[in-house]
Amino acid sequence: FQSAWAAQRSPHTPWVSRVIHNPVDLVAFSPVGPLAPLPPWEGPRVAVVAWSLNIKKGGLRAHRLALGYPEVQFVFCGRFDAQIQAAPNIVHAGMLDTRALAATLRACDVLLTFAEDEACPNHVLEALACGLPVLYKDSGATNELVSVAGQPVTRDTFYGSLLHWRARGQEARDLARKQAERFAPEVIFPMYMQAMR
């Protein structure tokens, strides 16, 4: 299973199972590297990443939140519903390759994800690897991946949590990166090999 959450949600199986999380490329996704040339902004900057229009990916919910916080810049990376309208604090970065996504993540203070029932969300691992704390809806395996490098939020607690993690600065980025290192390929791939043997 991709996470302990996924294993718990699955029907009981008669065979021995194990949890092997997804790996993350710690070279491509790193706190060190160029920053995306985003529009100038003095306040907090939040990344939102989704590659599917599935409503459970949380894009529309993140958009509604963005409209309520004009003092925060939200950078939407990936695919989002056409209902997501333009606003002075919203940047539509569009579909990005690995290098561009990493540069965009590095230019932000946190990742915000309202995805639901995710077994092992790669965008969370990639943000952590870039040094971003993660603010998330408490659903699926996200809290299992994030651990102490972020926290669950609601519409009401989002802004306070954002300011808290932004104020922690380099300490927060170091904490996120350290958490991502638990999912390094050299840690995860041997687990697959052992399971196959």
Side-chain angles (χ1 to χ4, degrees), residues 29 31 33-97 99-116 118 121-140 142-143 145-146 148-177:
F29 293 97
L35 304 180
L38 298 174
W41 193 261
E42 295 298 324
R45 185 178 275 154
V46 173
V48 180
V49 179
W51 306 111
S52 168
L53 299 180
N54 184 325
I55 191 136
K56 295 186 84 173
K57 298 300 181 180
L60 286 175
R61 187 172 180 193
H63 175 252
R64 287 194 295 268
L65 184 76
L67 294 177
Y69 288 95
E71 66 274 38
V72 179
Q73 186 179 70
F74 289 77
V75 184
F76 285 79
C77 308
R79 297 177 65 210
F80 291 92
D81 195 284
Q83 292 177 332
I84 295 182
Q85 61 202 37
N89 67 322
I90 293 178
V91 176
H92 289 275
M95 299 291 286
L96 303 173
D97 63 20
R99 184 177 298 177
L101 177 59
T104 302
L105 290 171
R106 281 192 289 268
C108 296
D109 295 302
V110 302
L111 174 78
L112 172 68
T113 180
F114 284 137
E116 299 177 13
E118 295 271 288
N122 289 319
H123 67 293
V124 168
L125 296 177
E126 291 163 355
L128 290 169
C130 287
L132 268 66
V134 179
L135 305 181
Y136 59 94
K137 180 175 182 177
D138 194 4
S139 175
T142 304
N143 65 345
L145 304 182
V146 173
V148 297
Q151 66 188 93
V153 295
T154 64
R155 183 178 183 87
D156 294 334
T157 63
F158 160 74
Y159 192 63
S161 298
L162 170 61
L163 295 182
H164 165 78
W165 285 98
R166 188 175 189 237
R168 292 181 69 176
Q170 190 60 46
E171 176 199 3
R173 289 186 174 268
D174 291 344
L175 194 61
R177 176 66 180 190

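No experiment lies behind these values; they were computed from the predicted model shown.
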Main-chain N/O of Arg45 paired to Asp109 side chain as donor or acceptor, under 3.5 Å: yes
Kindly check if the number of other-residue, nucleotide or ligand heavy atoms within 6.0 Å of CG (Leu67) is above 12? yes
A quick test of your reading: do over 12 heavy atoms of other residues, nucleotides or ligands sit less than 6.0 Å from CZ of Arg99? no
Sequence neighbours excluded, the answer for ring pair (Phe, Tyr, Trp, His ring centres under 6.0 Å) partners of Tyr136 is none
Working note: Val124 + Leu111, criterion side-chain contact (heavy atoms from CB on, under 4.5 Å); need CA distance, chi angles, decisive distance, verdict. CA-CA 8 Å; Val124 168; Leu111 174 78; 4.2 Å; yes
When every non-hydrogen atom of Ala149 is compared with those of Ala176, the smallest separation belongs to CB-CA, 3.7 Å
Test Val46 against Leu135 for side-chain contact (heavy atoms from CB on, under 4.5 Å), laying out the working first. CA-CA 10 Å; Val46 173; Leu135 305 181; over 6 Å; no
Taking the inter-plane angle between the rings of Tyr159 and Tyr69 on a 0 to 90° scale, is it parallel (under 30°), tilted (30 to 60°) or perpendicular (over 60°)? parallel
Minimal non-hydrogen separation, Thr113 against Val134, with atom names: CG2-CG1, 4.1 Å
Give a yes-or-no answer on whether the side chains of Asn122 and Glu126 include a donor-acceptor pair shorter than 3.5 Å. no
Test item: Asn143 side-chain N/O and Asp138 main-chain N/O as donor-acceptor pair under 3.5 Å: no
Measure from the side-chain N and O atoms of Trp165 to the backbone N and O of Arg168, and report whether any donor-acceptor pair falls under 3.5 Å. no
Check Lys57 with Glu118, please: is the shortest side-chain N to carboxylate O separation under 4.0 Å? yes
